[in-house]
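Working notes, structure below.
These numbers were taken from a predicted model, which means no experiment stands behind them. Throughout, protein chains are lettered first and strands after them, A, B, ... in sequence-line order, and every chain is numbered starting at 1.
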Amino acid sequence: GAGVSQSPSNKVTEKGKDVELRCDPISGHTALYWYRQSLGQGLEFLIYFQGNSAPDKSGLPSDRFSAERTGGSVSTLTIQRTQQEDSAVYLCASSLPGGARAGELFFGEGSRLTVL
Amino acid sequence: LAKTTQPISMDSYEGQEVNITCSHNNIATNDYITWYQQFPSQGPRFIIQGYKTKVTNEVASLFIPADRKSSTLSLPRVSLSDTAVYYCLVGGHGSSNTGKLIFGQGTTLQVKP
């Protein structure tokens with residue numbers, strides 16, 4: 001597709017279960033970002049990838065959160081042993097590498113996670 | 001990392017021009033300034049980007065003073081559909097690395113009839 005694709009769009013899970021959220025960026029976009037947005041709040045930075053490497057993981061809330069990216073394309077955000085406070089919309093964005101077009105992020109529609 | 005500061009909220013009426021200013025005192029030489037619009041239940045959408053002086057596109061203008069420590073998004077003749085949250089983002093430095101892009105709290109614009 002032409003845009004950033006995220007799946008699932010909605011996920012309801014029970015506390016303590018693991019969840020995987022997937023992001024398929026725009027073809028050719030080497031930078032990929034994950035953000036979390038709780039209800040009525042701003043965007044909280046989680047992690048970004050440049051190619052397959054993640055230069056900065058400091059935004060991940062705890063060691064229950066992990067992310068990987070393979071082949072410089074699809075990324076997966078995994079949350080282990082989910083807690084109710086993990087409930088939020090998880091947004092993925094991609095962009096071209098540095099220079100003039102850097103900072104122009106293309107966002108997916110997000111994955112809404114509800115932990116019961 | 002350049003931190004941004006924006007007003008939390010603004011009100012306007014249909015047909016008025018709206019100016020939203022963002023402060024970014026520690027902007028880096030290579031940083032660009034980008035503005036996004038977000039509607040409820042949607043991901044943010046790119047509006048406009050600039051480096052210095054003035055940039056204009058079909059939906060907005062962006063004014064950046066010479067010292068680049070602030071920027072102003074100008075929305076001409078707003079309508080009810082412009083009610084949204086507007087974010088100012090600073091970053092994207094480097095020739096091969098976009099860097100860590102941190103969003104501020106955003107400005108909630110409420111357009112009234």
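The distance from the CD1 atom of B:Ile48 to the CD atom of A:Glu104 is 11.0 Å, given to the nearest 0.5 Å. Rounded to the nearest 0.5 angstrom, A:Leu105 CG and B:Arg45 CZ are separated by 14.5 Å.
The two residues B:Gly43 and A:Leu91 come nearest to each other via the heavy atoms CA-CD2, 3.9 Å. Between B:Tyr87 and A:Gln37, the closest heavy-atom pair is OH-NE2, 3.4 Å. In terms of heavy-atom proximity, B:Ser41 sits nearest to A:Glu109 at O-OE1, 4.2 Å. Here the shortest heavy-atom pairing between A:Tyr35 and B:Leu101 reads OH-O, 2.6 Å.
Residue contact with chain A, scored on non-hydrogen atoms closer than 4.5 Å, is absent for B:Tyr51. With a 4.5 angstrom heavy-atom cutoff, B:Thr108 does not touch chain A via any of its atoms. With a threshold of 4.5 angstrom between heavy atoms, A:Leu43 approaches chain B through its backbone and through its side chain. Neither the backbone nor the side chain of A:Gln6 comes within contact range of chain B; no heavy atoms are under 4.5 Å apart.
For B:Lys52, the side-chain contact (heavy atoms from CB on, under 4.5 Å) partners at least two apart in sequence or on another chain are B:Arg68. With sequence neighbours excluded, the residues satisfying side-chain contact (heavy atoms from CB on, under 4.5 Å) with B:Ser74 are B:Glu17, B:Asn19, B:Ser61, B:Phe63.
Note: the hydrophobic cluster containing B:Met10 also contains B:Leu80 (ILVMFWY, side chain heavy atoms under 4.5 Å, direct or indirect links). When hydrophobic clusters are built by joining Ile, Leu, Val, Met, Phe, Trp and Tyr residues whose side-chain heavy atoms come closer than 4.5 Å, directly or via intermediates, B:Val59 is grouped together with B:Leu62.
With a 6.0 Å radius and a threshold of 12 heavy atoms from other residues, nucleotides or ligands, B:Gln42 has its CD atom above the threshold. In A:Leu39, the CG atom is not crowded: 12 or fewer heavy atoms of neighbouring residues, nucleotides or ligands sit closer than 6.0 Å. Atom CD of A:Glu85 has more than 12 neighbouring heavy atoms from other residues, nucleotides or ligands inside a 6.0 Å radius.
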